[in-house]
Student: 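Structure provided below as structure tokens; questions to follow.
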Amino acid sequence: MQGGGRPIVYRWDLDKTYLSTDFDSLRGLFRTAFEPASDKRTLPGAQVLLRELSETKPAGIHILSGSPEQMRKVLEEKLRLDGIAWDGFVLKPSLNRLLRGQLRFLRDQISYKLGALLRSRVTSSIDADEVMFGDDAEADAYVYSMYADLCAGRMLPADLAQVLAAARAYENDAAELVHLAEQLNHSDIGRRIFIHLERVQPSAVFDPFGPRVCAFHNYFQPAVVLVEEGLLSAEAALRVGLALVAIHSFSPEALGASFQDLARKDLLSASTGQALRAAVAASDARSADKLAALSGLDAAITRTALPERALSTEQVNKIDYVSLLPEDRARALRAKHRARSRRVR
């Protein structure tokens, strides 16, 4: 299923987006680095959604992770264990850059991830729209938004150069990224940017990026938004939701509450509500928990007034990425401190 007739490419981060990882403590960092593939935990619903998206035959599924290149074997093994296929898999060349004395690169997510995105776009033979998945731990919303605006021509290479200078990117990296941005064939490719609220931040912290960014609490939510986008069937979204209930012990009320959260943010239209109700009616679920979840979802849809059209994702205001950079970094730092405080308690 391809919305609007254009091919779709999906881009996924791994840590805290697909895998449940702990980088907020030294102990967690070492455990993540050395644990075998079979011990790595997938975030609830992520595996089911990614497999459902694979069934739609997209133009590509590309994985972009900040994990070091040395973890490729174990991460690929984990994805294979989960039954996930991919078309591209980029990991961070941390050791290589460390040996060159470039210590700042270890914490630099902007030039690393943006560079990988731009290289992929410039060298691709497919003119596709893109849907991107990340998390709130670092700068995913910032990087994905900037990438989409560069592709659309809303951000100029000269603007990018200012951001990279403010981010203290290495000169060679900055020069390469500006050169890549100059080679882009401008097209408004950024369909959606999904940000997993792994650190339990309020979704409003991402409002400066506009309605294109959708912050979510569980994977039923992006599945439903993708129904709205015409990229996923209501039946597939329902399978994601029921997997959360059956496999991950989500409460039966969670699906209805998740739907209403999306409705309050004006992300859904009446047609999506109707499609979900039809999928609920046609479901052959048997277990008590699933039936309760379906009943709760149906009730939530019934009592929620949905507009004929959802909030438009078209970018109206130009984002000042230079001014937004320190604000976004402060957000990530506050969230990290909160995560540490919760663990101490």
Student: Side chains of Lys40 and Val74: does their closest heavy-atom pair fall under 4.5 Å?
Tutor: yes

Student: Any chance you could lay out the side-chain hydrogen bond (donor to acceptor under 3.5 Å, both in side chains) test for Thr42 and Lys78, step after step, and finish with the verdict?
Tutor: CA-CA 9 Å; Thr42 307; Lys78 169 58 178 172; 3.1 Å; yes

Student: My understanding is that only residues two or more places apart in sequence, or in another chain, count here; which of them pass side chain to side chain donor-acceptor pair (under 3.5 Å) with Thr123?
Tutor: none

Student: Please check if Val122 and Val143 belong to a single hydrophobic cluster, counting links between Ile, Leu, Val, Met, Phe, Trp and Tyr side chain heavy atoms closer than 4.5 Å.
Tutor: yes

Student: Kindly say whether Asp136 contributes a backbone atom to a donor-acceptor pair with the side chain of Arg331 at under 3.5 angstrom?
Tutor: yes

Student: Output yes when a side-chain donor or acceptor of Thr302 lies under 3.5 Å from a complementary backbone atom of Asp298, and no otherwise.
Tutor: yes

Student: Only one of Ile61, Leu64, Leu14 clears side chain to side chain contact (heavy atoms under 4.5 Å, CB included) with Phe89; which?
Tutor: Leu14

Student: Mind checking what makes salt bridge (charged side-chain N to carboxylate O under 4.0 Å, His left out) contact with Arg192, not counting sequence neighbours?
Tutor: Glu229

Student: State which residues pass side chain to side chain donor-acceptor pair (under 3.5 Å) with Asp261; sequence neighbours excluded, sorted by chain then number.
Tutor: Gln221, Lys265

Student: Does any non-hydrogen side-chain atom of Leu294 lie less than 4.5 Å from one of Leu238?
Tutor: yes

Student: Is Arg80 salt-bridged to Glu76, going by a charged N under 4.0 Å from an acidic O?
Tutor: yes

Student: Taking all non-hydrogen atoms of both residues, which atom of Leu268 and which atom of Leu306 are closest, and how far apart?
Tutor: O-CD2, 4.0 Å

Student: Please check if the side chain of Ser323 supplies one atom and the backbone of Asp320 the other of a donor-acceptor pair under 3.5 Å.
Tutor: no

Student: If only atom types and distance count, is the side chain of Thr304 paired as donor or acceptor with the main-chain N or O of Ala300 below 3.5 Å?
Tutor: yes

Student: Does any part of the side chain of Leu242, heavy atoms only, come nearer than 4.5 Å to the side chain of Phe220, both counted from C-beta?
Tutor: no

Student: Indicate whether any N or O donor in one side chain lies under 3.5 Å from an N or O acceptor in the other, for Ser67 and Arg72.
Tutor: no

Student: In plain terms, say whether Arg121 and Asp127 are close enough for a salt bridge, that is, a side-chain N and a carboxylate O under 4.0 Å apart.
Tutor: yes

Student: For the backbone of Ala137 and the side chain of Asp135, can you confirm whether one donor and one acceptor N or O come within less than 3.5 Å of each other?
Tutor: yes

Student: Here's a test for you: under ring pair (Phe, Tyr, Trp, His ring centres under 6.0 Å), which of Tyr147, Phe206, Tyr321 qualifies with Tyr142?
Tutor: Tyr321

Student: Got Tyr10 and Leu231 here, is their nearest side-chain heavy-atom distance under 4.5 Å?
Tutor: yes

Student: Please list, chain by chain and in numerical order, all residues satisfying side chain to side chain donor-acceptor pair (under 3.5 Å) with Glu77, sequence neighbours excluded.
Tutor: none

Student: Any sub-3.5 Å donor-acceptor pair from Asp39's side-chain atoms to Pro36's backbone N or O?
Tutor: no

Student: Between Lys318 and Asp159, does at least one N-O distance fall below 4.0 Å, as a salt bridge requires?
Tutor: yes

Student: Just so I know, are the side chains of Ser65 and Asp13 near enough to count as touching, which here means a heavy-atom distance under 4.5 Å?
Tutor: yes

Student: For the hydrophobic clusters of this structure (ILVMFWY residues joined by side-chain heavy atoms under 4.5 Å, transitively), does one cluster hold both Val322 and Leu160?
Tutor: yes

Student: Please check if the side chain of Ser258 supplies one atom and the backbone of Ala254 the other of a donor-acceptor pair under 3.5 Å.
Tutor: yes

Student: Given the rule that I, L, V, M, F, W and Y join up when any side-chain heavy atoms are under 4.5 Å apart, are Leu291 and Val245 in one cluster?
Tutor: no

Student: Kindly say whether Gly115 contributes a backbone atom to a donor-acceptor pair with the side chain of Arg119 at under 3.5 angstrom?
Tutor: yes

Student: Tell me whether Leu156 is reachable from Ile110 by hopping between hydrophobic residues (I, L, V, M, F, W, Y) whose side-chain heavy atoms are closer than 4.5 Å.
Tutor: no

Student: Identify the two heavy atoms, one from Leu177 and one from Leu114, that lie closest to each other, and give their separation to 0.1 Å.
Tutor: CD2-CD2, 3.9 Å

Student: Hey, are the side chains of Phe209 and Leu324 touching, using non-hydrogen atoms and a 4.5 Å cut-off?
Tutor: yes

Student: Could you give me the CA-CA distance, side-chain angles and deciding distance for His196 and Phe216, then say whether ring-ring contact (aromatic ring centres under 6.0 Å, His included) is met?
Tutor: CA-CA 5 Å; His196 176 229; Phe216 66 93; 5.4 Å; yes

Student: Output the distance between atom CE (Met155) and atom CG (Leu184), rounded to the nearest 0.5 Å.
Tutor: 11.5 Å

Student: Say you draw a straight line from CG of Leu311 to CG of Asp266; how long is it, rounded to the nearest 0.5 Å?
Tutor: 6.0 Å

Student: Given side chains that start at C-beta, do those of Phe250 and Pro44 come closer than 4.5 Å, heavy atoms only?
Tutor: yes

Student: What are the two closest non-hydrogen atoms of Leu244 and Tyr219, and how far apart are they?
Tutor: CD1-N, 4.4 Å

Student: Please find the pair of heavy atoms, one from Ala59 and one from Val9, that lie closest to each other, and give the distance.
Tutor: CB-CG2, 4.0 Å

Student: Does Arg191 offer a backbone N or O that forms a donor-acceptor pair with the side chain of Asp129 under 3.5 Å?
Tutor: no

Student: Return the minimal non-hydrogen interatomic distance between His217 and Leu197, and the atom names on each side.
Tutor: CE1-CD1, 3.5 Å

Student: Any salt bridge linking Lys16 with Asp140? Criterion: basic side-chain nitrogen under 4.0 Å from a carboxylate oxygen.
Tutor: no

Student: How long is the span from the CD atom in Glu52 to the CD atom in Gln47, to the nearest 0.5 Å?
Tutor: 11.0 Å

Student: Distance-only check: which donor-acceptor pairs under 3.5 Å involve side-chain atoms of residues 278-286, not counting sequence neighbours?
Tutor:
residue	atom	partner	partner atom	Å
Ser283	OG	Ala285	N	3.2
Arg286	NH1	Asp284	O	2.7

Student: Is a donor on one side and an acceptor on the other found under 3.5 Å between the side chain of Ser124 and the backbone of Ile126?
Tutor: yes

Student: Please enumerate all residues that pass side chain to side chain donor-acceptor pair (under 3.5 Å) together with Ser269, with sequence neighbours excluded.
Tutor: Glu228, Ser271

Student: Measure the shortest side-chain to side-chain distance between Ile301 and Phe259 over non-hydrogen atoms and say whether it is less than 4.5 angstrom.
Tutor: yes

Student: Return the CG to SG distance between Asn185 and Cys151, rounded to the nearest 0.5 Å.
Tutor: 10.0 Å

Student: Please round to the nearest 0.5 Å and tell me the distance separating atom CE of Met146 and atom CG of Leu117.
Tutor: 9.5 Å

Student: Indicate whether any N or O donor in one side chain lies under 3.5 Å from an N or O acceptor in the other, for Glu130 and Tyr144.
Tutor: no

Student: Please name the pair of heavy atoms, one in Ala141 and one in Ile195, separated by the smallest distance, quoted to 0.1 Å.
Tutor: N-CD1, 3.6 Å

